Amino acid sequence: MIAVGITVALKEILASFGLSGGLLSVVTYAILASATFGLLSVLALFLVWWERKIAGHMQQRFGPMRNGWHGWYQTLVDGLKLLQKEDVRVATRDKVVFFWAPVMCFIAAFAAYIVIPFGDGLIVADLNIGILYIMAITTFTVISLLMAGWGSNNKYALLGGMRSAAQVVSYEVPMVASILVVVLYAGSLSTVDIVNSQAGNFLNWNIFRVPYGPLAFLTYLVAAIAEANRTPFDLAEAEQELVAGFNIEYSGMKFAMFFLAEFINLFTVSAIAVILFFGGWHGFEFIPSFVWFFLKTFAVVFLLIMIRWTYPRMRVDQLMEFAWKFLVPLTFLNIIIAAIFKHFGWYWEL
Amino acid sequence: MSNLRTEEFDINMGPHHPSTHGVCRLLLTMDGEKVVKVVPYIGYLHRAIEKICENRTYAMCIPILDRFEYVTAMSCNYVFSLAAERLSGIEVPERAEYLRVIMLELNRIASHLIFFGTTAMDIGALTPFLYALREREYIMDLFEMTCGQRLTYNYIRVGGVSKDIPNEFTPKCRETVATISDKVEEYKRLLNGNPIWKMRTIGVGKLDADLALAYGVSGPILRASGVDYDLRRDDPYSIYDRFDYNIPIYQNGDVYDRYMIRLDEIQESCKIVAQALDQIEDGPIRAKVSPNFKPAAGETYTRIENSRGEMGVYLVSDGTKKPFRVKARGGSYPHLQLLPEIATNCMIADLVAIFASFDVILPEVDR
Amino acid sequence: MNNEELKAYIESHYGSQLTYNEAGKYDLLFEVDASNLVTVCEKLKNDSELLFDYFCNLSGADTTERFEAIYNLASTKKKIRLDIKVILPHENPVVNSVQTIWPAANWYEREMWELYGIHINNHDNLTRFLLHDEWDEGFPMRKDWDAPDFIRFPDL
């Protein structure tokens with residue numbers, strides 16, 4: 001385990017150039033933020049391409065094939081195309097809200113990465129309220145979707161925005177409740193502490209700790225799909241019902257921002273799943289920790305993509321019933337079970 | 001909560017909307033997610049096919065009528081040819097009858113595959129659409145092999161068919177129907193066990209037999225509501241009495257039954273095609289009919305069982321080489337008319353599911 | 001019940017209102033007076049021997065001297081078919097609506113009104129739907145209709 005995190009190391013390097021005090025912090029975090037931003041942008045581009053490839057192969061076709069080997073830079077040229085496109089704005093829009101909605105969505109998607117450890121020590125800031133912070137910041141997405149729906153001055157968009165608000169607020173409860181199970185065990189909200197509590201043998205991962213692990217993971221996964229607005233819970237942009245939902249009036253780069261944010265969110269929920277249930281960066285020592293982290297996260301992403309291209313969409317009332325009548329009681333029950341097991345020490349530590 | 005002010009709002013679903021399958025406009029009055037009122041507006045695809053046909057000879061009408069219902073263009077060809085043959089009393093050679101049955105049933109399969117794909121897509125599952133198109137592609141290849149066209153065939157003519165099938169058609173067709181029959185089982189496995197699919201379809205858009213009959217609903221939708229009425233058997237035409245096949249009946253009349261009945265019909269059609277391929281013998285494929293032939297004066301309403309219900313042509317001849325009146329009746333027309341009756345007071349997602357389960361195709365409605 | 005039996009039955013029971021017309025080549029075609037249409041249709045639907053519960057189609061036709069409205073009926077229980085023709089004058093053609101008997105007739109009647117100008121009495125929604133709302137170029141399916149060189153489309 002690296003004793004000092006990347007932040008500390010970077011600070012030391014910068015301090016050797018003579019920076020100090022407030023300026024040192026600002027420069028350090030600016031560098032880290034740009035690095036994270038760059039990494040995530042590439043990641044989002046990759047995820048878009050990857051999803052299209054998987055979807056293609058699931059559907060008896062190849063997906064993008066033209067640009068490069070198996071179309072590897074397809075999303076890049078798609079992005080360039082979107083960048084050049086005219087930014088069509090409806091005359092009747094709410095100017096301020098319409099403009100800020102995609103920006104906010106984008107920021108909310110990226111801000112969560114402050115506390116996500118990509119590897120041993122590879123974390124921007126190890127906040128002691130890490131998980132709580134992620135929950136709080138990702139909820140901003142819903143506000144931005146609602147803003148997009150309202151600001152577009154379009155009935156389909158409004159319906160989409162309202163749907164996503166109702167959906168995300170409902171699924172926040174089972175999501176937090178399933179996370180609480182892990183927090184209960186780890187005794188900390190910090191992401192690094194949670195990962196370290198699963199160190200050692202892979203049987204220490206929360207998913208394998210009887211009996212609350214698998215159940216908490218499943219309920220988390222369901223809620224996470226709903227949070228990421230993906231099929232079977234993609235009601236906010238249900239193409240066949242609401243045409244494109246909240247982003248119906250967005251074009252060009254504003255649309256691209258929503259689109260990229262969606263894929264960043266996909267990666268976020270998968271990364272959180274790995275941190276909480278799959279032991280984060282831990283694995284066999286001879287492979288670097290960040291490789292483990294990415295491998296595990298991509299495995300979860302793969303699962304989510306498979307789910308998306310397999311299931312039909314739920315109806316909005318069924319979605320709500322499922323959240324409040326099934327998931328919420330189940331997760332609460334799970335917390336109680338986990339608490340009992342924790343109290344009597346009925347879990348292993350290998 | 002009760003003193004919160006809410007109001008209904010109107011929303012235009014269409015003319016360009018992913019799930020209206022063409023250019024149909026539904027004016028919805030919504031109360032939040034709930035549809036309070038549906039008013040269908042049609043006519044965006046009105047091409048005056050009936051008027052055009054009045055100015056064409058009989059042979060020239062057939063390619064025009066291809067466009068009447070382009071998903072099952074064989075049926076359009078057939079129903080018009082049958083009407084003209086009934087007016088003039090032309091006897092169609094045996095082999096031509098078999099070829100017609102093979103083509104009609106293959107086209108029914110292709111149409112039901114489109115239904116399967118688009119319905120699944122409208123309910124949110126995108127993948128089955130591509131599976132269905134993959135199987136449909138084999139049928140399109142068979143059609144292309146036979147008449148050179150993939151969508152609008154102009155194959156079935158008055159007095160017979162335009163071309164004989166090539167030699168490689170028969171083995172390939174046998175293989176295709178066997179494959180599709182298997183694939184339908186796969187589709188059933190793919191969706192029927194899926195709880196979300198069941199939640200979305202079972203009990204949604206219930207249509208009881210009385211309402212269906214009152215609105216002139218026909219075809220698979222009528223049979224899904226428990227009315228045993230299939231024109232292939234009950235108003236016999238062609239040689240359907242020589243084949244052994246079942247007519248699937250379902251009782252509930254919801255989206256799920258309408259979906260299941262079509263999958264079953266695909267398998268039954270596969271059986272018919274396989275039997276027809278066994279029974280077909282060599283012979284002439286066309287009766288001698290002049291391109292400018294003049295049927296005797298008279299009129300007939302001819303109807304056949306199409307994949308979307310009853311397809312009929314009311315044909316009046318005044319003894320000249322042009323038809324005096326052609327009225328094309330498509331199955332979707334009464335179905336769309338019925339939509340407000342059963343889609344009122346459901347969720348917008350259910351409306352989409354119901355619309356998809358009716359398998360409405362707009363060129364057939366607007367003509 | 002085959003066509004001969006059906007013809008005999010209708011002629012014995014409805015002979016006063018329905019007259020046989022041999023123009024129908026394959027199907028039975030009967031003519032009915034416009035004033036009797038609704039009552040006859042009602043009887044045909046409720047007659048326990050016929051049970052014409054299924055409304056296939058309604059088409060208008062213009063023979064340049066007169067208008068015709070042809071109702072194609074079927075029975076799902078008795079598996080029989082029947083056509084009924086109503087002959088209307090070329091000036092002021094009016095026919096009564098049968099949508100109280102078969103709700104399916106609604107759109108067919110609307111279409112006939114729109115394309116042939118045959119007015120429908122007691123119709124609940126006689127508005128244009130195949131042509132656009134402001135259409136005033138006459139009734140296009142009539143034989144004497146001449147396509148205008150230029151069709152004005154409504155300002156949107």
Side-chain angles (χ1 to χ4, degrees), chain A residues 51-52 54-63 149 152-167 222 225-226 229-245 248 305-322 325-326, chain B residues 8-14 16-21 26 28-35 117-135 137 183 190-204 255 259 346-353 355-356:
Chain A
E51 167 140 34
R52 289 177 66 179
I54 294 175
H57 284 277
M58 282 178 76
Q59 297 173 343
Q60 317 287 320
R61 53 193 179 88
F62 290 110
S152 304
N153 199 0
N154 179 311
K155 287 165 184 169
Y156 283 120
L158 184 60
L159 267 179
M162 295 307 254
R163 275 182 176 190
S164 78
Q167 174 186 333
V222 171
I225 297 170
N229 274 328
R230 293 169 68 79
T231 317
F233 306 111
D234 62 339
L235 291 149
E237 49 192 300
E239 183 188 307
Q240 284 77 21
E241 293 151 31
L242 305 180
V243 190
I248 190 167
I305 292 176
M306 296 282 276
I307 289 173
R308 172 168 182 181
W309 295 100
T310 310
Y311 280 93
R313 186 182 302 119
M314 286 174 100
R315 205 171 62 202
V316 65
D317 57 329
Q318 293 166 345
L319 183 91
M320 291 298 162
E321 269 176 28
F322 183 68
K325 292 185 182 167
F326 181 75
Chain B
E8 295 172 354
F9 63 99
D10 290 345
I11 193 164
N12 260 322
M13 195 165 150
H16 302 288
H17 188 281
S19 61
T20 53
H21 300 208
L26 303 175
L28 311 178
T29 307
M30 308 271 295
D31 179 12
E33 285 277 340
K34 202 172 178 183
V35 178
T118 52
T119 303
M121 194 162 72
D122 284 351
I123 295 177
L126 291 166
T127 308
F129 179 68
L130 286 118
Y131 292 166
L133 282 195
R134 176 188 61 189
E135 265 74 71
E137 194 64 22
K183 291 289 180 188
L190 181 67
L191 284 178
N192 290 11
N194 190 323
I196 299 177
W197 178 262
K198 284 186 169 166
M199 277 160 78
R200 285 297 307 276
T201 53
I202 291 179
V204 172
V255 174
Y259 145 80
C346 67
M347 299 294 214
I348 187 169
D350 285 344
L351 173 77
V352 171
F355 195 93

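As a basis for the values below, the full set of heavy atoms in this structure was taken, side chains included, without hydrogen atoms, waters or symmetry mates. Source: prediction; values computed, not measured.
Summarising the local packing, CZ of F9(B) is surrounded by more than 12 heavy atoms from other residues, nucleotides or ligands at distances under 6.0 Å. Within a 6.0 Å radius of CE in M162(A), other residues, nucleotides and ligands contribute 12 heavy atoms or fewer. K34(B) NZ: 12 or fewer foreign heavy atoms inside a 6.0 Å radius.
Using modelled atom types, no side-chain atom of T127(B) and backbone atom of T310(A) make a donor-acceptor pair closer than 3.5 Å.
Across all their heavy atoms, I11(B) and L159(A) have their closest contact at CD1-CD1, 4.3 Å. Residues I196(B) and P312(A) share a closest heavy-atom pair of CG2-O, 3.6 Å.
The distance from atom CZ of R163(A) to atom CD1 of I348(B), rounded to the nearest 0.5 Å, is 6.5 Å.
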Could you walk me through whether H17(B) and Y156(A) pass the side chain to side chain contact (heavy atoms under 4.5 Å, CB included) test, one step at a time? CA-CA 11 Å; H17(B) 188 281; Y156(A) 283 120; 3.4 Å; yes

Take L130(B) and M58(A) through the side chain to side chain contact (heavy atoms under 4.5 Å, CB included) test and state the conclusion after the steps. CA-CA 9 Å; L130(B) 286 118; M58(A) 282 178 76; over 6 Å; no

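Using a cut-off of 4.0 Å between Lys/Arg side-chain N and Asp/Glu carboxylate O, E33(B) and R315(A) are scored as not salt-bridged.
M199(B) touches chain A through backbone and side chain together, each having a heavy atom under 4.5 Å away. For M30(B), the part lying near chain A is the side chain, with the backbone staying farther off; criterion is any non-hydrogen pair under 4.5 Å. Residue D122(B) touches chain A through both its backbone and its side chain, counting heavy-atom pairs closer than 4.5 Å. For R200(B), the parts lying under 4.5 angstrom from a heavy atom of chain A are both the backbone and the side chain.
Within the 4.5 Å cutoff, side-chain heavy atoms of Q59(A) are placed close to those of L126(B).
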